[in-house]
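The block underneath contains the structure these notes are about, expressed in structure tokens.
Residue numbers start from 1 in every chain, and the chains themselves are labelled A, B, ... in the order their sequence lines are given, proteins ahead of strands. As the structure is a prediction and not an experimental result, all values here were calculated from the model. Computed over heavy atoms, backbone and side chain alike; hydrogens, waters and symmetry mates excluded.
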Amino acid sequence: MSEKTKVVFVVGPTASGKSALAMQLAKKFNGSIINIDSVQFYEGLIVGSAAPSEDEKKQVPHYLFSYVKAPDEMTAGQYIRDFYELIESGKATSPLFVVGGTGFYVQALEKGMYDLPEVSEEIKKEVLADFETFGSEKMFTELKEFDPDTELHPNDHYRVGRALEVKRAFNLKMSEFKNAAAADNKNKLPYPSMKIGLTFETNDKEKFAQRVHERTLKMLDEGIIEETKHFLDDGFENWAPLSSVGYHEAKAYLQGELKREELAPAITQATMKLVKKQKTWFKRDEAILWSDVFTPDYGSLEREVQDFLAK
RNA sequence: GGUCAAGUAGCUCAGUCGGUAGAGCAGAUGACUGAAAAUCAUCGUGUCGGCGGUUCAAUUCCGUCCUUGACCA
């Protein structure tokens, strides 16, 4: 295809109907769907991540779904590499509907990240071990002495750990990356793009919670517990994706920390927390064209997409 | 009916040797550059079960009543 590559992001909180909307648009405009949901990358995490069905995948080409196998873990950097590899392969036809609720990955793809290779397993393990032996206070001190401009909170051991990995592996300061990335845009998405989103008004929170509750029951019915058990049986209980919403609770139940009757309410509650965090993330992005979950104006969304593609 | 526990924040519980109280979870708000559905930050006035008594002062001690649980009848 000689046509220009164009990207339409479809974002918003979980359970908002992004996938269905993307399907509709992809059919109408003859495009492809590309995943940008941090859990749907993984093979075997289907029910709990509400991944698209085989039937849906037949109707429209889907890419970057269910392709990372345990115990491998995805990273935003790897995602970007996979994304461009897919585009360069020429397999995915434009327009590309990039669908998912993981704001961090959307940002990484859209604005770019500093270009670094993965940190070696040795260094990752070393940093982790040092947290154990020296404690988070000492580790933060190490970071602060190396990079006095760091804005990380001492308790945010995940980010402090990552900053120390970058220090030890590449002798580079995270705080400088941020400024450099803002100043020069060479890693930005090189294609024209637009963003549409589905969300709901704060007043409709109860209504949305009901929707999430029904989705939870559906997941339990479709076997999220069995899906989780499969990974536990294979010895992957510490696999990071299993600490995501739904799997985390199913795991707690399977390990006897939650009663069966507590499971559904716990999943719904955790999902609503996720929803709130996703709303907070996307709220600050003024470029997103929003539509309401309960009163979606698909017609106007289609027109917006049409206009964008016609340019 | 009797004995013994327990009744403190939406929930689970600390605590006050008498000077009106604080954690975790939940909730609200926000941050976010390779785990991100993760990680982290900020936010705590509640008849301390009711009513009496002692005291300058009671959620804290005493009495009594109510509720819940366990045990004994």
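Ion pairing between A/Glu237 and A/Lys251 fails under the 4.0 Å rule for side-chain N and carboxylate O. With respect to A/Asp156 and A/Arg159, a salt bridge is recorded, a charged nitrogen being found less than 4.0 Å from a carboxylate O. Ionic pairing of A/Glu142 and A/Arg168 is present here: one or more N-O contacts between side-chain nitrogen and carboxylate oxygen are shorter than 4.0 angstrom. A salt bridge links A/Glu110 and A/Lys195; the closest N-O separation between the charged side-chain nitrogens and carboxylate oxygens is under 4.0 Å.
Using modelled atom types and a 3.5 Å distance limit, the side chains of A/Ser94 and A/Thr5 yield no donor-acceptor pair. For the 3.5 Å distance criterion, the side chains of A/Arg215 and A/Thr268 fail to qualify, holding no donor opposite an acceptor. No side-chain N or O of A/Tyr253 forms a donor-acceptor pair with one of A/Glu262 less than 3.5 Å apart.
B/rA37 atom C1' lies 11 Å from atom NZ of A/Lys18, rounded to whole Å. Atom C1' of nucleotide B/rA38 and atom CZ of A/Phe41 are separated by 14 Å, given to the nearest angstrom. The CD-C1' distance, from A/Gln78 to B/rG34, rounds to 9 Å in whole Å. Nucleotide B/rC40 holds its P atom 18 Å from the CZ atom of A/Arg162, rounded to whole Å. The distance between atom OH of A/Tyr105 and atom P of B/rA38, rounded to the nearest whole Å, is 13 Å. Summarising the geometry, the separation between CD1 on A/Ile36 and C1' on B/rG34 is reported as 13 Å, rounded to the nearest angstrom. Rounded to an integer number of Å, the gap from A/Glu73 CD to B/rA37 P is 14 Å. At whole-Å resolution of the value, CZ in A/Arg81 and C1' in B/rU33 are 13 Å apart.
Interatomic distance, A/Leu309 CG to A/Leu25 CG, rounded to the nearest 0.5 Å: 9.5 Å.
Rounded to the nearest Å, the gap between the P atom of B/rG24 and that of B/rG19 is 24 Å. Of the C1' atoms belonging to B/rG52 and B/rC72, the separation is 31 Å, rounded to the nearest Å. Nucleotides B/rC13 and B/rC48, compared at atom C1', are 13 Å apart to the nearest Å. Separation of the C1' atoms belonging to B/rA57 and B/rG18 is 8 Å when rounded to the nearest angstrom. Distance check on atom C1': B/rG63 versus B/rA28 gives 44 Å, rounded to whole Å. With C1' as the reference atom, B/rC61 and B/rA23 are 27 Å apart, rounded to whole Å. B/rU8 and B/rG1 have their C1' atoms separated by 31 Å, given to the nearest Å. Remark: the separation of the C1' atoms in B/rG22 and B/rA9 is 10 Å, to the nearest Å.
A search for side-chain hydrogen bond (donor to acceptor under 3.5 Å, both in side chains) contacts involving A/Tyr67 returns A/Asp82, not counting sequence neighbours. For A/Lys138, there are no salt bridge (charged side-chain N to carboxylate O under 4.0 Å, His left out) partners at least two apart in sequence or on another chain. With sequence neighbours excluded, the residues forming a side chain to side chain contact (heavy atoms under 4.5 Å, CB included) with A/Arg81 are A/Gln78, A/Glu118, listed by chain and number. Residues satisfying the side-chain hydrogen bond (donor to acceptor under 3.5 Å, both in side chains) criterion with A/Glu226, sequence neighbours excluded, are absent altogether.
Contact check, A/Ser49 against B/rA37: no side-chain N or O comes under 4.0 Å of OP1 or OP2. Look at A/His157 and you'll find a side-chain N or O under 4.0 angstrom from OP1 or OP2 of B/rC40. Contact between the side-chain N/O atoms of A/Thr75 and the OP1/OP2 oxygens of B/rA35 is not found at any separation under 4.0 Å.
Below the 3.5 angstrom threshold, one finds no donor paired with an acceptor across the side chain of A/Tyr79 and the base of B/rG34. No hydrogens or angles were tested; on distance alone, a donor-acceptor pair under 3.5 Å links the side chain of A/Arg159 to the base of B/rA38. In this model, a side-chain donor or acceptor of A/Tyr158 finds a partner on the base of B/rA36 within 3.5 Å.
Each of A/Phe41, A/Trp281, A/Phe83 was evaluated against A/Tyr105; a single residue qualifies, A/Phe41, per the ring pair (Phe, Tyr, Trp, His ring centres under 6.0 Å) test.
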Can you give each donor-acceptor pair under 3.5 Å made by side-chain atoms of residues 292-305 of chain A, sequence neighbours left out, with the distance rounded to 0.1 Å?
residue: A/Asp292; atom: OD2; partner: A/Phe294; partner atom: N; Å: 2.8
residue: A/Asp292; atom: OD2; partner: A/Thr295; partner atom: N; Å: 3.1
residue: A/Asp292; atom: OD2; partner: A/Thr295; partner atom: OG1; Å: 3.4
residue: A/Asp297; atom: OD1; partner: A/Gly299; partner atom: N; Å: 3.4
residue: A/Asp297; atom: OD1; partner: A/Ser300; partner atom: N; Å: 3.1
residue: A/Glu302; atom: OE2; partner: A/Gln24; partner atom: NE2; Å: 3.4

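Near RNA chain B, meaning a heavy atom under 4.0 Å from it, residues 242-251 of chain A has A/Ser243, A/Ser244, A/Val245 in order of number. If you check residues 255-281 of chain A against RNA chain B, the residues with a heavy atom closer than 4.0 Å are A/Gln269, A/Lys273, A/Leu274, A/Lys276, A/Lys277, A/Thr280, A/Trp281, listed by number. Contacts of residues 126-156 of chain A with RNA chain B (heavy atom under 4.0 Å): A/His153, A/Asn155, A/Asp156. Within residues 283-294 of chain A, the residues that place at least one heavy atom under 4.0 Å from RNA chain B are, in residue-number order, A/Lys283, A/Arg284.
Toward the 5′ end of RNA chain B lies the nearest nucleotide of A/Glu165, the other residue of the pair A/Gln40 and A/Glu165 mapping further downstream. Nearest-nucleotide positions on RNA chain B place A/Thr202 closer to the 5' end than the other of A/Gly103 and A/Thr202.
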**OP:** Could you summarise the pairing of RNA chain B as dot-bracket text, marking Watson-Crick and G-U pairs under 3.5 Å with ( ) or [ ] inside the strand and | across strands?
**Re:** (((((((..((((.....[..)))).(((((.......))))).....(((((..]....)))))))))))).
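Under the 6.0 Å distance and 45° angle rule, A/Lys279 counts as a cation-pi partner of A/Phe200. In this structure, A/Lys91 forms no cation-pi arrangement with A/Tyr63, as its terminal cationic atom is not both closer than 6.0 Å to the ring centre and no more than 45° off the ring axis.
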Can you name the atoms? Protein N/O to nucleotides 22-24 of chain B N/O, anything below 3.5 Å, with the distance.
none

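B/rG34 adopts a syn glycosidic conformation, its chi angle falling within 90° of 0.
In the hydrophobic clustering, where aliphatic and aromatic side chains (Ile, Leu, Val, Met, Phe, Trp, Tyr) are joined below 4.5 Å either directly or transitively, A/Leu274 groups with A/Val245.
For the pair A/Glu73/A/Val68, no side-chain contact is recorded, criterion being any heavy-atom separation below 4.5 Å from C-beta on.
A/Tyr191 and A/Tyr84 have tilted rings, their planes meeting at an angle from 30° to 60° on a 0 to 90° scale.
Judged by distance alone, the side chain of A/His62 and the main-chain N or O of A/Val60 form a donor-acceptor pair under 3.5 Å. Side chain of A/Lys283 to backbone of A/Gln278: no donor-acceptor contact under 3.5 angstrom is found.
The side-chain ring of A/Tyr114 is stacked on the base of B/rG34, judged by centre separation under 5.5 angstrom and plane angle under 30 degrees.
If you check B/rA37, B/rA35, B/rU33 against the side chain of A/Phe104, the one that comes closest is B/rU33.
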